[in-house]
2 protein chains.
Amino acid sequence: MLPKEEKLDPRVKRTRGLILRSFEDLLAEKGFESISVQDVTDKAEINRATFYAHFPDKYALLDYSISQMFMNEIEKRTLNVCSYSTDNLRNLILAVVEFISRLHSDCAQPHQQFEALTEGTIKNILFELLSHWLKQTGTKISTDIPATVATWAIYGLASHYSHLKKRPSPEKFVDEALPLVAVNLEQFA
Amino acid sequence: MLPKEEKLDPRVKRTRGLILRSFEDLLAEKGFESISVQDVTDKAEINRATFYAHFPDKYALLDYSISQMFMNEIEKRTLNVCSYSTDNLRNLILAVVEFISRLHSDCAQPHQQFEALTEGTIKNILFELLSHWLKQTGTKISTDIPATVATWAIYGLASHYSHLKKRPSPEKFVDEALPLVAVNLEQFA
DNA sequence: TATTCTAAACAACAGATGTTGCCTAATTTA
DNA sequence: TAAATTAGGCAACATCTGTTGTTTAGAATA
């Protein structure tokens with residue numbers, strides 16, 4: 001995670017903003033694999049070497065971009081300031097389902113590699129959030145295993161949904177999916 | 001998936017074998033990201049252009065290699081010729097746990113990107129297998145959603161296990177993990 | 001304001017990528 | 001066995017990568 005945007009040298013803030021904006025624009029135009037660092041820096045009108053002063057490579061940029069977007073989604077729904085309940089879980093699943101669907105429809109070519117790379121970023125945030133929720137309940141049991149299963153199940157369901165040819169509404173889908181995830185978490189409710 | 005090895009031009013068979021063997025040797029020596037196509041073809045003693053006649057890029061080679069290895073694991077345990085039961089499920093989880101652990105310990109540097117890339121390949125095979133199992137039971141219900149949840153949960157658990165600093169025996173871990181996966185599949189037993 | 005610090009520009013590097021066209025050698029087939 | 005087919009070797013290409021050393025210009029601090 002990059003340091004908070006607060007007290008950054010304005011040049012850094014500007015450059016990162018330009019990189020991020022250019023990258024997200026390019027993602028809407030063409031596939032991640034075919035975006036070069038050159039492409040990003042051309043569009044951002046910065047030197048290519050400057051890019052490498054900010055990100056190790058384009059994969060790190062993808063990571064950063066996705067985690068920013070997903071965190072926004074979570075914070076917007078205030079899911080980061082609550083604890084486990086069936087209702088919050090439903091909202092969380094809905095958030096992931098909608099986020100991934102949007103991501104895949106906004107990107108020109110969300111191919112396998114792209115999805116594989118974004119997945120880890122999102123799952124890490126999900127796992128931290130679920131662990132946090134479960135710890136709030138003051139349980140004595142280690143929550144690692146149920147949090148892992150829930151994280152992967154939620155992401156898997158959202159990914160599955162986003163690949164369906166004929167999708168029901170997100171709400172309808174989540175109603176069907178919810179019990180399969182909740183069953184292992186209910187002991188913490 | 002590449003065509004069956006049966007009636008292939010012997011030159012093709014030989015070349016693919018050389019590529020595959022060289023690649024797997026290299027994986028034991030260094031990280032996937034730092035393996036170049038040049039490295040593979042040097043070790044295989046074939047021309048670099050020849051590589052591209054067989055695989056689009058090194059990612060496709062990784063895919064092919066991993067799916068071959070995983071399929072072998074499944075076939076060795078005859079998990080491809082049975083249907084759903086709690087016992088078969090336990091064996092399947094055990095297979096995945098052991099396969100991923102071995103994969104990560106055999107590879108010199110199983111970094112995040114490597115894991116992200118192998119994940120999809122393995123999950124696809126898992127999903128097909130579980131769907132096959134569930135269809136065998138002659139259920140009327142669509143099995144897509146439970147098969148998805150089970151696939152992701154199993155892979156997630158195996159991945160989690162392979163990252164633990166202090167691991168219990170695979171059998172002990174699977175005993176703890178099994179019920180979390182089985183609960184959603186029991187209606188098909 | 002003057003000084004210090006440091007981000008970004010620029011140029012150049014060795015190496016890797018994916019692709020091409022031409023040539024040869026192995027294999028399949030008729 | 002002879003002819004047709006096709007895999008692989010080879011060389012060259014434009015492009016991208018990650019890195020380095022130097023210079024310039026903007027920001028922070030005294």
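Keep in mind that what you see is a predicted model, and the values were worked out from it rather than measured. Note on naming: letters A, B, ... go to the chains in the order of the sequence lines (proteins, then strands), and numbering restarts at 1 for each one. The figures that follow rest on heavy atoms only: side chains count, while hydrogens, waters and symmetry mates do not.
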Name all residues meeting the side chain to side chain contact (heavy atoms under 4.5 Å, CB included) criterion together with B:Asp42; count only those two or more places apart in sequence or in a different chain, and write none if there are none. B:Gln38

Given protein heavy atoms under 4.0 Å, the one-letter contact record of nucleotides 10-23 of chain D, with B base, S sugar-phosphate only and - none, is simply B-B---SBBBB---

Under 3.5 Å, which N/O atoms of the protein pair with N/O atoms of nucleotides 28-30 of chain C?
none

Among Ile, Leu, Val, Met, Phe, Trp and Tyr joined by side-chain contacts under 4.5 Å, find the other residues sharing a cluster with A:Val183 and list them by chain and number. B:Val183

C:dA9 C1' sits how many Å from A:Ile19 CD1, rounded? 14 Å

Got a donor-acceptor contact below 3.5 angstrom from the A:Lys43 side chain to the A:Leu18 backbone? no

Only pairs at least two apart or in different chains count here, so list each side-chain hydrogen bond (donor to acceptor under 3.5 Å, both in side chains) that has a residue in residues 74-88 of chain A. A:Glu73-A:Arg77, A:Arg77-A:Glu98, A:Ser85-A:Asn88, A:Asp87-A:Arg90

Please report how far the helix from C:dT1-D:dA30 to C:dA12-D:dT19 bends, comparing the axis fitted to its first five pairs with the axis fitted to its last five, to the nearest 10 degrees. 20°

Show me the side-chain donor-acceptor pairs of residues 130-137 of chain A shorter than 3.5 Å, one per line, residues at least two apart or across chains.
{"unit_1": "A:Ser131", "atom_1": "OG", "unit_2": "A:Phe127", "atom_2": "O", "d": "2.9"}
{"unit_1": "A:Trp133", "atom_1": "NE1", "unit_2": "A:Leu79", "atom_2": "O", "d": "3.2"}
{"unit_1": "A:Trp133", "atom_1": "NE1", "unit_2": "A:Cys82", "atom_2": "O", "d": "3.4"}
{"unit_1": "A:Thr137", "atom_1": "OG1", "unit_2": "A:Leu134", "atom_2": "O", "d": "2.5"}

Who pairs with B:Gln187 by side chain to side chain contact (heavy atoms under 4.5 Å, CB included), at least two apart in sequence or on another chain? B:Ile141

Could you list the residues that satisfy salt bridge (Lys or Arg N to Asp or Glu O under 4.0 Å) with A:Asp39, not counting sequence neighbours? A:Lys30

How long is the line joining CG of A:Leu18 and P of C:dA7, in whole Å? 16 Å

Take atom CZ of B:Arg14 and atom P of C:dA25, then tell me their distance rounded to the nearest Å. 15 Å

Can you list every side-chain hydrogen bond (donor to acceptor under 3.5 Å, both in side chains) pair that touches residues 118-128 of chain B, not counting sequence neighbours? A:Glu119-B:Lys123, A:Lys123-B:Glu119, B:Asp63-B:Thr121, B:Glu119-B:Lys123

Residues clustered with A:Val81, ILVMFWY side-chain links under 4.5 angstrom: none

Could you list the donor-acceptor pairs under 3.5 angstrom formed between side-chain atoms of residues 143-158 of chain B and any protein atom two or more places apart in sequence or on another chain?
{"unit_1": "B:Thr148", "atom_1": "OG1", "unit_2": "B:Asp144", "atom_2": "O", "d": "2.7"}
{"unit_1": "B:Thr151", "atom_1": "OG1", "unit_2": "B:Ala147", "atom_2": "O", "d": "2.7"}

Round to a whole Å and report the spacing from NE2 of A:His54 to P of C:dA9. 8 Å

Please report, rounded to the nearest Å, how far the P atom of C:dT17 is from the CD atom of A:Glu33. 16 Å

note: B:Ile46, atom CD1; C:dA26, atom P; distance rounded to Å ~ 17 Å

Would you call the rings of B:Phe114 and B:Phe32 parallel, tilted or perpendicular if under 30° counts as parallel and over 60° as perpendicular? tilted

